[in-house]
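Notes follow once the structure below has been shown.
What you see below is based on every heavy atom in this structure, not just the backbone, and it leaves out hydrogens, waters and symmetry mates. Each chain gets a letter, A, B and so on, in the order the sequences are listed, and its residues count up from 1.
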There are 2 protein chains.
Amino acid sequence: MDDRKFRILQAIIDDYILTAEPVGSRTISKKYDMGLSSATIRNEMSDLEELGYLDQPHVSAGRVPSAKAYRLYVDQLLEQGTLRNLDEETVRAHFTGRAHQMEDIIDQAAQVLSTMTNYLAVVLPPSGRPPVIRNIQLVPVATGSALVVIVTDTGIVRDTVIRYNGQLSSDTLYAISQALTQELSGKTLPEALEVLPEVSRRVGDNADLLRSLSGFLGERKEKGRKPHVAVGGTSRMLTLPEYSDMERVRNLLSLVEARDRLASIVRQNGNVQFTVRIGPESGIPEMENCSIVTATYSTYSGQQGTIGVIGPTRMQYQKVISVLSSMGQQLTELFGHEDGHAGPGDSSDERRHS
Amino acid sequence: MDDRKFRILQAIIDDYILTAEPVGSRTISKKYDMGLSSATIRNEMSDLEELGYLDQPHVSAGRVPSAKAYRLYVDQLLEQGTLRNLDEETVRAHFTGRAHQMEDIIDQAAQVLSTMTNYLAVVLPPSGRPPVIRNIQLVPVATGSALVVIVTDTGIVRDTVIRYNGQLSSDTLYAISQALTQELSGKTLPEALEVLPEVSRRVGDNADLLRSLSGFLGERKEKGRKPHVAVGGTSRMLTLPEYSDMERVRNLLSLVEARDRLASIVRQNGNVQFTVRIGPESGIPEMENCSIVTATYSTYSGQQGTIGVIGPTRMQYQKVISVLSSMGQQLTELFGHEDGHAGPGDSSDERRHS
DNA sequence: GTTAGCACTCACCTTGATTGAGTGCTAACA
DNA sequence: TGTTAGCACTCAATCAAGGTGAGTGCTAAC
């Protein structure tokens with residue numbers, strides 16, 4: 001594959017990304033002046049098709065880039081690596097990150113990603129190693145019930161109201177809290193659950209309360225709260241010509257509705273900084289003519305989150321990669337501080353993600 | 001309008017709800033045996049059209065019920081009132097309400113509503129009078145930062161990490177918490193904000209911490225966290241023939257994406273138990289050929305939430321009304337206890353809704 | 001190796017005829 | 001007077017036929 005072929009292929013991909021229509025030889029010869037006649041282009045295109053880079057919907061239509069072609073194209077894009085920070089300022093302008101709740105922040109991130117790329121954006125909250133307990137506090141809510149607040153090292157707070165028989169004063173609850181904190185801090189939630197019976201004996205006669213607590217921890221362990229998955233730009237996708245087909249729209253929509261499935265598709269497993277999965281590369285049947293581009297961000301506590309964009313295979317890879325890169329960087333910055341926020345005097349919390 | 005006309009109209013509506021196709025006179029005469037020939041039906045239909053109950057897409061098509069017709073139909077349904085509890089058991093079977101978080105519960109409710117009706121379901125969290133503070137607790141998170149937990153009478157918990165200079169022991173924080181609780185309990189958030197400077201003076205030398213707290217309360221007051229709106233069944237809507245038109249799908253989708261707008265559309269203002277808005281009755285341009293049926297549920301603290309179903313004007317009103325009614329009842333039951341949950345030994349909390 | 005020219009293919013559009021569901025009207029009937 | 005059979009009429013939807021044009025592959029000349 002010589003340089004000229006590559007340039008022609010690139011022109012075809014560019015044009016197809018723009019128009020979503022099969023590209024003819026004459027278009028290339030005229031719009032992208034290569035100093036070659038359409039006949040020559042035609043010969044080259046024929047070769048490219050033989051090499052597997054182009055497909056032909058039917059004999060009298062133009063050519064369409066194959067997944068293999070996009071792969072080449074993207075690899076070449078990533079190699080030169082100049083695009084990384086192209087959209088940094090625009091992202092910074094749109095994404096303020098000024099919100100109290102983790103959920104609001106990732107919602108906003110998804111919003112910005114989708115408006116900037118015009119594709120479907122998905123943002124997963126940070127996750128990673130199991131959080132370690134730092135502090136447990138029981139706050140009286142009403143007679144016979146208390147709020148359990150567990151502060152972990154990742155800044156995550158888990159809380160639930162538990163009920164118990166009898167009446168305990170605020171001070172008693174505080175005393176129990178202190179005892180529990182002393183006994184359980186440094187442990188993960190499953191570990192805490194294990195030693196709880198023993199601790200219970202030592203702490204004393206509030207067996208009932210501790211049973212409730214144990215029940216809560218147990219439930220949490222097995223099915224932690226499902227993490228909030230932020231999605232943006234679903235309606236934007238419908239303006240694309242590839243989604244004039246109802247079947248595909250339905251597919252997309254049900255994927256978006258099944259958040260956990262969506263999350264599992266988007267989530268990155270390795271710890272590479274980027275992933276670009278083109279069409280069938282993802283191995284997901286419904287995603288055959290979609291591409292999935294993901295990047296990661298990380299928090300001060302070493303947890304990792306994923307941001308991703310899903311679009312048609314003919315997506316604007318440069319733009320998407322550049323925007324994702326900038327957004328990843330900014331989220332990492334934002335979560336790089338202990339309280340999870342940039343800006344002095346800012347109050348914050350990060351919670352509700354397991 | 002005599003009885004026979006009404007029966008014919010009813011048959012037309014029933015058939016149209018089923019098929020979504022204009023109904024002809026022969027269909028009525030054959031399928032719904034009225035003991036009348038198609039010619040007679042035709043005369044009656046002509047009258048019904050003149051009365052404004054039927055529309056004709058074009059001269060050689062059947063008739064389609066108008067909004068006025070549905071209104072009559074629904075009013076008649078509601079009048080007989082027998083349908084209320086038809087689906088109670090089915091709802092109970094699908095909707096367990098076994099979840100810790102308010103958000104999970106309303107998500108599940110939306111899910112059940114949409115699967116049972118096959119339309120778009122929306123569930124709004126309870127809202128109402130401003131919550132009153134019951135307990136404030138500061139939980140140490142790390143050096144120089146603490147988690148503020150505010151328990152209110154509605155069971156709502158608001159929390160955020162605040163930062164302060166210096167170092168405060170767990171016991172000191174507890175002492176401050178107790179003082180704050182004593183001073184501020186019984187007050188609403190804005191009231192608390194007002195008296196905080198004075199309290200601050202009395203409590204002593206932790207001016208910095210209290211300034212942070214004040215800042216937090218102030219921010220909360222002006223822009224409370226936007227409530228979580230649960231939506232289910234978006235993709236289900238696409239199977240309806242009325243959504244083979246892309247324009248409508250796009251409309252629907254962007255509405256679903258704009259949760260706050262969706263909430264304002266669904267939310268009931270009066271305190272009637274039911275609302276059925278048919279087509280243009282809603283006054284919302286995009287909803288011209290949709291109907292919106294809503295019901296309410298309430299919590300032990302007197303707050304009120306809304307559940308709603310959005311479907312085409314030709315929706316299955318009986319089914320929808322019956323399901324909504326049962327669900328409203330069950331949510332009211334579920335939130336009828338102080339801890340917001342049915343079932344003994346269940347732990348729970350309700351939070352994250354302003 | 002490149003290009004002009006030409007025959008060929010095939011999706012897409014237009015046109016026109018056909019079909020069939022449905023109506024409105026009229027005249028006959030109970 | 002209300003009901004019905006019959007008939008002419010309308011009009012969306014379907015289908016086949018023909019035309020159009022974008023695009024290709026091949027060949028021969030440069």
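- Heavy atoms of A61(B) sit under 4.0 angstrom from primed sugar atoms or phosphate atoms, though from no base atom.
- The residues E286(A) and R261(A) are annotated as salt-bridged, a charged nitrogen and a carboxylate oxygen being separated by less than 4.0 angstrom.
- For R26(B), no side-chain nitrogen or oxygen approaches OP1 or OP2 of dT4(D) to under 4.0 Å.
- Pairing for dA27(C) goes to dT4(D), judged as Watson-Crick or G-U wobble with the two contacts each under 3.5 Å.
- Put simply, T40(A) has a side-chain N or O that comes within less than 4.0 Å of OP1 or OP2 on dT3(C).
- Checking dA13(D) for Watson-Crick or G-U wobble geometry (two distances, each under 3.5 Å) identifies dT18(C) as its partner.
- For L36(B) and dA5(D), the CG to C1' distance is 15 Å, given to the nearest whole Å.
- At whole-Å resolution of the value, CD1 in I8(A) and C1' in dT24(D) are 15 Å apart.
- For T27(A), counting side-chain heavy atoms from C-beta on, the closest listed nucleotide (dA21(C), dT9(C), dG23(D)) is dG23(D).
- When both distances must be under 3.5 Å, the Watson-Crick or G-U wobble mate of dC30(D) is dG1(C).
- To the nearest 0.5 Å, the span separating CZ on R236(B) from OG1 on T117(B) amounts to 8.0 Å.
- The CG atom of D2(B) sits 11 Å away from the P atom of dG2(D) (whole-angstrom rounding).
- No salt bridge links R248(A) with E242(A); every basic N to acidic carboxylate O contact stays at or beyond 4.0 Å.
- As rounded to whole Å, 11 Å separates atom C1' of dT2(C) from atom CD1 of I41(A).
- Here S25(A) lies in heavy-atom contact (under 4.0 Å) with sugar-phosphate atoms only.
- Contact annotation: R42(B) side-chain N/O to dG2(D) OP1/OP2 distance is not under 4.0 Å.
- Distance, M45(B) CE to dT3(D) C1': 17 Å, rounded to whole Å.
- Rounded to an integer number of Å, the gap from Q56(B) CD to dT23(C) C1' is 7 Å.
- The CG atom of N43(B) sits 11 Å away from the P atom of dT23(C) (whole-angstrom rounding).
- Rounding to the nearest 0.5 angstrom, the gap separating the CG atom in D47(B) from the CG atom in L9(B) is 12.0 Å.
- For the OP1/OP2 pair of dT24(D) and a distance below 4.0 Å, the side-chain nitrogens and oxygens of R63(A) include at least one atom meeting the criterion.
- Between the CD atom of E50(B) and the P atom of dG24(C) there is a distance of 11 Å, given to the nearest Å.
- For the atom pair CG of L255(B) and CD of E257(B), the computed distance is 10.0 Å after rounding to the nearest 0.5 Å.
- An OP1 or OP2 oxygen of dT4(D) is reached within less than 4.0 angstrom by a side-chain nitrogen or oxygen of S37(B).
- Between H58(B) and A39(B), the residue anchored closer to the 5' end of DNA chain D is A39(B), taking for each the nucleotide with the nearest heavy atom.
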